[in-house]
Peer 1: 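Structure incoming, see below.
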Amino acid sequence: MVDLKDKVAGVQEYTAESIQVLEGLEAVRRRPGMYIGSTDQRGLHHLVYEIVDNAVDEALAGYCNRIVVTLREDGSVQVEDNGRGIPVETHPVTGKSALETVMTTLHAGAKFGNGAYKVAGGLHGVGASVVNFLSQWFRVEVRRNGRLYRQEFRQGRPTGTVQDLGTAEGTGTTVAFLPDPEVFGKADYDFATLAERFREVAYLVPGLEITLADLRTGEERTFYFEGGVASMVAHYNRTRQPLHPVLSLSRTVEGVQVDCALQYTDEVSEAIFTFANCIPTPEGGTHLTGLRSALTRVLNDYARKQKLLKDDQPNLQGEDVREWLTAVLAVRLLNPQFEGQTKTKLGNPEVKGIVDSVVGEALAIYLEDHPAEASRIVGKCLTAARAREAARRAREMVLRKNALDGTSLPGKLADCSERDPALCELFIVEGESAGGSAKMGRDRRFQAILPLKGKILNVEKARPDKVLSHEEIRALVSALGVGMGEDINLSKLRYHRIIIMTDADVDGSHIRTLLLTFFFRNMRPLITNGHLYIAQPPLYRIQVGKQVEYAYTEAQKDAILKRLDKGKGVVIQRYKGLGEMNPEQLWETTLNPATRSILQVTLEDARRADELFTILMGDQVEPRKTFIFAYARQVRNLDV
Ligand code: 0RA
């Protein structure tokens, strides 16, 4: 913080106001970037816009129709307008002229304008004083009351009061300034950039003529458009084939002036340019939201009413009604709120509804009155909707293909470390808890685990055409890496043994049936090449003392019990599901190649599963129970 007392000491004649003025000046010179964004070429252009915008305000107020901007050899800029002239009369309280106050007080414009400046522009509204503060020299000449006045400044400080230079004709203001080389270095303006902005302003203020003259190069451009935003749309579309004449409207509702022009063309490229008080709003805001909402609503209403959109067709979406559109939307309001990253987004909430209703009404009337044009426009929107749908489907295909090609492995897969597929096994495990045990119990060097959610097979999802929409099945396909159907590529198979491991109950056999059917229909070569197996977990655990044995069938259980001495106290545990086994038991009984038994699936097995699938879909319970043991060939103690 600056200590005011230190500053004021010994300068007793300073008033409170003059201290404030000095503070503003010093703040701006210390941190110019805070006020004009940067001190490069953009900042330099910003200075020019700031002064021009003041003249534009005078034009918007209806008092000025000509502005001449001159870039001079020495790097200085002159902005001349034919408005009323900035007041030079002395203010009774401050004892200063309005001119000096505006040029030496931060944000004076708003305070000073008070109604006279009804719609204040100013790119960021920092005011002419900032330009003055950042200029080596700054000179204002005013023609007013039949006389010519002048006041000059150096680095923001007046070198004297307003001088009366004698009689003069007309009215107007001429500001000339040299951006301070201490701040900006050598002034380097870009003619094209400045010209584009002035072209824009000329569209937005119809009837205003703006000339940009560059004395360094001799270049000169003059912009003048009577047609306003409609001219802007026509200009933008000059290389396109329009579907109808430019539709434009200008209305003021509740103090908000809305100027909008739009035209559909046969070229796909949404182009909507929005402005608030002549300032571009590339970040959009409430005015743009209102316009978009009106377009979508009115075009849908019209298309429905005219039966161009059938009852069973979904509504046109926002993007559909903008795809072929060029539009300019300019609003003017008293207190614009600029928001967003770069303060180029209009925030005033009331503007949305106003733009929506004003534009909606005009568009609805236009469509009603011009049926031929209307059907051309709606036709384009429908085309856009169809294209959007087609694009969505194509995108889905690509994503699905990508998800299935094995380049991206599913997150739930616990892969093995071995990279030789001939040595690798994939266990497809039913249920989260069994999946957990399997992950812990496996030999992670060559055994991978893919857990499937328990309720994988409900009848609806098992419908053949829906199977692939099942996330679990997609995970399986991408884990295997071979693709499916006609594109199947066995050389990409990531595991040479694929082992289905499900509970020995109805749900388990249900899931096996689904998986077998799926493999039969979509990956048959996996079966014919002997890659597909079914794990066989034990049904019983039989313990006598420290001796433990497992039985995989009822007959086995009986044989074991017969062999054992029953007097010692036999403990028999019946496994109802894989989840009841801890990791060690699972390894011992079902995973360990040295001790487990697995069943190799034959094509005939799968074919019958496929047949059975239909039965299962028919909800017959009985065949499910016995199905798997009926036609799977048992392979015991298969060596790795
Ligand atoms: C407010 C009041 C009056 C003139 C202006 C603003 C004005 C400001 C600028 C800035 C650049 N050129 C300008 N031209 C005019 C005068 C009001 C009156 O005369 O009654």
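Whatever order the structure lists them in is the order used to number ligands and atoms, beginning at 1.
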Peer 1: What atoms of ligand 1 come closer than 4.0 angstrom to any heavy atom of Pro87?
Peer 2: 3 (C), 4 (C), 16 (C)

Peer 1: Any chance the rings of His244 and Tyr366 have centres within less than 6.0 Å?
Peer 2: yes

Peer 1: Looking only at non-hydrogen atoms, which of Asp81, Asp53, Ile51, Val79 approaches atom 11 (C) of ligand 1 most closely?
Peer 2: Asp81

Peer 1: Give the atom numbers and elements of ligand 1 that come within less than 4.0 Å of a heavy atom of Thr173.
Peer 2: 12 (N), 13 (C), 14 (N)

Peer 1: With only distance considered, is Arg84 within less than 3.5 Å of ligand 1 through an N or O on each side?
Peer 2: no

Peer 1: Under a 3.5 Å cutoff, is there a donor and acceptor pairing between the side chains of Glu267 and Asn237?
Peer 2: no

Peer 1: Could you verify whether a donor N or O on one side chain and an acceptor N or O on the other, from Thr344 and Glu283, lie under 3.5 Å apart?
Peer 2: yes

Peer 1: Taking the six-membered ring where the residue is Trp, are the ring centres of Phe225 and Tyr203 under 6.0 Å apart?
Peer 2: yes

Peer 1: Going by distance alone, is a donor N or O of one side chain under 3.5 Å from an acceptor N or O of the other, for Asn82 and Asn65?
Peer 2: yes

Peer 1: List ligand 1 atoms under 4.0 Å from Arg144, heavy atoms only on the residue side.
Peer 2: 16 (C), 18 (C), 19 (O)

